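For the single chain, residues carry numbers from 1 onward in sequence order. Since the structure is predicted, the reported quantities are computational estimates derived from the model, not experimental observations.
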Amino acid sequence: MYVNKFTMNTKLTLNLDKGVIDQAKSYAKNNHVSLSKLVENYLDSLTKRSEKKSNVSPLVESLTGVIPSGNYDDKKGYKDYLSEKYS
């Protein structure tokens with residue numbers, strides 16, 4: 001990823017729930033990152049995600065979530081498929 005060393009930082013004032021701020025500060029501290037960097041990274045990922053989303057075809061979008069996530073063992077799945085097919 002290219003990082004522009006000449007970016008200009010700008011102050012931003014936000015009004016957020018105190019509980020959310022406290023949790024975010026705790027998360028940032030536990031992950032050794034500043035709260036500002038955490039918010040910056042989140043906003044950056046949001047804008048990049050929406051840019052990527054526009055490049056996805058409707059077919060690919062409709063297939064999202066079809067394949068189960070998690071601990072799926074494809075070798076076992078294939079073995080089960082063959083076993084069922086040839087039994």
Side-chain angles (χ1 to χ4, degrees):
M1 180 173 124
Y2 174 76
V3 178
N4 184 355
K5 293 180 181 180
F6 302 105
T7 60
M8 184 173 70
N9 290 334
T10 303
K11 282 194 165 208
L12 172 67
T13 302
L14 300 172
N15 293 309
L16 303 172
D17 180 82
K18 182 174 177 2
V20 171
I21 293 171
D22 291 342
Q23 289 175 338
K25 283 181 178 180
S26 176
Y27 178 89
K29 183 178 180 181
N30 290 336
N31 288 279
H32 310 288
V33 64
S34 70
L35 188 55
S36 292
K37 195 60 163 172
L38 185 67
V39 171
E40 179 182 354
N41 289 343
Y42 175 69
L43 294 175
D44 188 48
S45 72
L46 277 180
T47 57
K48 287 188 176 155
R49 196 176 325 149
S50 62
E51 288 172 8
K52 286 181 183 178
K53 209 170 200 180
S54 65
N55 295 332
V56 175
S57 73
L59 173 62
V60 172
E61 186 70 36
S62 71
L63 294 173
T64 301
V66 171
I67 298 173
S69 61
N71 297 331
Y72 181 72
D73 182 0
D74 35 321
K75 288 184 181 180
K76 181 182 180 321
Y78 184 65
K79 183 179 175 184
D80 292 345
Y81 163 77
L82 291 176
S83 178
E84 187 176 316
K85 180 176 179 180
Y86 294 109
S87 294

> Which value, rounded to the nearest 0.5 Å, describes the distance between S87 atom OG and L82 atom CG?
Replying inline: 9.5 Å

> Under 3.5 Å, side chain of D44 to main-chain N/O of E40, donor-acceptor pair present?
Replying inline: no

> When K25 is tested against each of L35, V20, N30 for side-chain contact (heavy atoms from CB on, under 4.5 Å), which residue passes?
Replying inline: L35

>> Could you measure the distance from the CG atom of L43 to the CG atom of L12? Nearest 0.5 Å is fine.
In response: 8.0 Å

> With K18, which residues qualify under salt bridge (Lys or Arg N to Asp or Glu O under 4.0 Å), at least two apart?
Replying inline: D22

>> Is it the case that the side chain of D17 and the backbone of G19 share a donor-acceptor pair, with hydrogens and angles ignored and the cut-off at 3.5 Å?
In response: yes

> What distance do L38 atom CG and K29 atom NZ have between them, rounded to the nearest 0.5 Å?
Replying inline: 15.0 Å

